[in-house]
S.K.: 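Would you mind keeping the following structure in view while I ask a few things?
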Amino acid sequence: MPENTAPIPAPAPKRGSALESGPGGEPAGPPPAVRAQLLATEHWSLLASRSTTQSEVLTRISMFLTLTSAGLVSLALVGQATGFTGLFPVYELSVLGFVTLVGVLTQVRVMNVGIEDLMYVIAMNRIRAGYVSLDPGLAPYLMSSPHDDRSGSEQTYFFFRNRRHVSQFLGSSMVFIAAVNAALAGLLTAAAAGTLAAPVPVTVGLGAVAAVAYLAVALVRSGRRYFGLWTRYSPRFPTPPQG
C-alpha cells in the first residue's frame with residue numbers, strides 16, 4: 001500500500017503564547033509579565049558583566065601600583081649598594097622603562113573599561129526604557145535614567161549633580177593612572193638625560209616637560225575618544241527636551 005504523505009497539521013497556538021496571531025496576522029509578542037522577566041534577566045546579566053569588568057581593572061591597577069612601588073624601592077636599594085655608579089644607570093633605565101610600559105598598558109585597559117562601562121550603562125538605560133514602556137507609573141521611582149543618550153548616561157552615573165562637574169573628572173581612575181604614568185615618564189626621561197651627563201637643570205627640565213606633555217596627551221586622547229563615541233552613536237530613547 002502506498003504511504004500516507006498527507007502533511008500533519010500544525011497544532012493551534014495556545015492562548016496568550018508568542019505564536020498567537022495579532023492584528024494583521026502577524027505574531028503577537030509575549031505577555032507583559034514574560035517581557036518583564038526577559039528584561040530583568042538581561043539586566044542581571046549586564047550587572048554581572050559590569051561587576052566582573054570593574055573587579056578585573058581594579059586588580060590590574062593594584063598590580064601596577066605594587067610593581068611601581070617595588071621598582072622604586074629596588075632602585076633605592078641597588079643605588080645604595082652600587083653607590084649609583086657602574087651598571088646602575090642601565091638598571092635604572094631598565095626598571096623605569098619596564099614600569100612605564102606596564103603603566104601605559106594599564107592605562108589602555110582602564111580607558112577600554114571606561115568605554116565598556118559606558119556601554120553597560122547605556123544598555124541598562126534601554127532596559128529601564130522597556131520597564132517604563134510596560135508600566136509608565138514606574139518612571140517617578142527610577143533615579144537611574146531610562147534614556148540611552150549622553151544626558152541619560154550622566155544621570156545614571158551621578159544622580160544628584162551634573163556629571164560634567166570637575167571633581168568627577170579629576171577623581172576618575174583614568175586621570176589617576178595618567179598622572180602616575182606622567183610621573184614615571186618624567187622620571188624615565190630625567191634618568192636618560194642624567195645617563196647622558198646632562199646638567200642638573202636640563203635633566204630636571206626635561207623630566208618636567210615629559211611629565212606634563214604625557215599627561216596632556218593622555219587627557220586629550222581620552223577626551224577625544226569619549227566625545228567621538230557620542231558623535232557616532234544614535235540613541236533610540238533620547239532624553240526629551242526640557243521645557
Side-chain angles (χ1 to χ4, degrees), residues 53-54 56-80 82 84-85 87-119 150 153-154 157-158 161-232:
T53 303
Q54 291 289 343
E56 184 266 339
V57 77
L58 290 176
T59 302
R60 288 279 296 270
I61 292 174
S62 298
M63 293 172 59
F64 164 60
L65 295 179
T66 301
L67 178 64
T68 301
S69 177
L72 295 178
V73 170
S74 70
L75 287 179
L77 295 177
V78 173
Q80 291 178 355
T82 61
F84 299 96
T85 58
L87 294 178
F88 175 77
V90 177
Y91 180 79
E92 178 186 27
L93 292 176
S94 300
V95 171
L96 289 176
F98 177 71
V99 173
T100 303
L101 175 61
V102 174
V104 172
L105 297 178
T106 303
Q107 180 179 328
V108 171
R109 181 56 183 155
V110 170
M111 185 61 192
N112 289 341
V113 167
I115 298 299
E116 291 176 19
D117 191 72
L118 178 60
M119 174 191 70
R150 180 180 169 187
S153 70
E154 291 172 354
Y157 272 120
F158 199 63
R161 188 180 302 172
N162 195 318
R163 181 64 181 173
R164 289 186 288 271
H165 196 276
V166 66
S167 66
Q168 299 300 312
F169 171 72
L170 295 179
S172 64
S173 298
M174 178 63 200
V175 174
F176 171 73
I177 291 296
V180 174
N181 285 340
L184 290 173
L187 289 175
L188 179 61
T189 303
T195 303
L196 297 176
V200 174
V202 175
T203 300
V204 174
L206 288 176
V209 170
V212 173
Y214 182 95
L215 182 60
V217 171
L219 297 182
V220 169
R221 286 179 60 86
S222 62
R224 290 181 61 183
R225 185 174 180 184
Y226 173 77
F227 291 111
L229 182 147
W230 290 116
T231 60
R232 299 187 300 270

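Only heavy atoms go into these numbers, but all of them, side chains included; no hydrogens, no water, no symmetry mates. Starting from 1, each residue takes its place in the sequence as its number.
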S.K.: Closer than 3.5 angstrom, by distance alone: can the side chain of S69 be matched with the main-chain N or O of L65 as a donor-acceptor pair?
M.R.: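 No.
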S.K.: State the OG1-CG distance between T53 and N112, to the nearest 0.5 angstrom.
M.R.: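 So the gap between those two atoms works out to 11.0 Å.
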S.K.: Does any part of the side chain of V180, heavy atoms only, come nearer than 4.5 Å to the side chain of F64, both counted from C-beta?
M.R.: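 A side-chain contact under 4.5 Å exists here.
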S.K.: With a cut-off of 3.5 Å and sequence neighbours excluded, list every side-chain donor-acceptor pair involving residues 90-102.
M.R.:
from	atom 1	to	atom 2	distance (Å)
Y91	OH	S74	OG	3.2
S94	OG	V90	O	2.8
T100	OG1	L96	O	2.7

S.K.: Is there a side-chain contact between L184 and L188 in this structure, where contact means two heavy atoms from C-beta onward sitting under 4.5 Å apart?
M.R.: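 A side-chain contact is absent here, since even the closest heavy-atom pair is not under 4.5 Å.
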S.K.: Which pairs count as salt bridge (charged side-chain N to carboxylate O under 4.0 Å, His left out) when at least one residue sits in residues 62-79, sequence neighbours excluded?
M.R.: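 Residue pairs passing salt bridge (charged side-chain N to carboxylate O under 4.0 Å, His left out), neighbours aside: none found.
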S.K.: Please identify each residue that fulfils ring pair (Phe, Tyr, Trp, His ring centres under 6.0 Å) with F176, with sequence neighbours left out.
M.R.: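 F176 satisfies ring pair (Phe, Tyr, Trp, His ring centres under 6.0 Å) with no residue once adjacent residues are dropped.
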S.K.: Does any pair with a residue in residues 215-224 pass salt bridge (charged side-chain N to carboxylate O under 4.0 Å, His left out), and if so which ones, sequence neighbours excluded?
M.R.: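 Matches after skipping sequence neighbours: none remain.
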S.K.: Show me the donor-acceptor pairs, under 3.5 Å and distance only, between side chains in residues 190-215 and residues at least two apart or in other chains.
M.R.:
from	atom 1	to	atom 2	distance (Å)
T195	OG1	A191	O	2.8
T203	OG1	A198	O	3.4
T203	OG1	P199	O	3.0
Y214	OH	Q107	OE1	2.8

S.K.: With salt bridge (charged side-chain N to carboxylate O under 4.0 Å, His left out) as the rule and sequence neighbours excluded, what pairs involving residues 199-214 come up?
M.R.: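 Counting only pairs at least two positions apart or across chains, no salt bridge (charged side-chain N to carboxylate O under 4.0 Å, His left out) contact touches residues 199-214.
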S.K.: Can you see which heavy atom on S153 is nearest to which on L118, and at what distance?
M.R.: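 Answer, listing the atom of S153 first, then L118: CB-CD1, 3.8 Å.
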S.K.: For L87, does the CG atom sit with more than 12 other heavy atoms under 6.0 Å from it, leaving out its own atoms?
M.R.: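 Incorrect, the count does not exceed 12.
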S.K.: Under the rule for salt bridge (Lys or Arg N to Asp or Glu O under 4.0 Å), what residues qualify as partners of R109, not counting sequence neighbours?
M.R.: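 Only E56, E116 meet the salt bridge (Lys or Arg N to Asp or Glu O under 4.0 Å) criterion with R109.
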S.K.: Excluding sequence neighbours, so at least two apart, what forms side-chain hydrogen bond (donor to acceptor under 3.5 Å, both in side chains) with D117?
M.R.: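 Expected list: R50, Q54, Y157.
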S.K.: Which residues satisfy the side chain to side chain contact (heavy atoms under 4.5 Å, CB included) test with M111, sequence neighbours excluded?
M.R.: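 Here the qualifying residues are I115, M174, S222, R225.
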S.K.: Which residue pairs pass the salt bridge (charged side-chain N to carboxylate O under 4.0 Å, His left out) test with at least one member in residues 170-187, sequence neighbours excluded?
M.R.: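 Applying salt bridge (charged side-chain N to carboxylate O under 4.0 Å, His left out) to every pair that reaches into residues 170-187, excluding sequence neighbours, yields nothing.
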S.K.: If you look at every heavy atom in I177 and G103, which pair is closest and at what distance?
M.R.: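 Taking every non-hydrogen atom into account, CG2-O, 4.2 Å.
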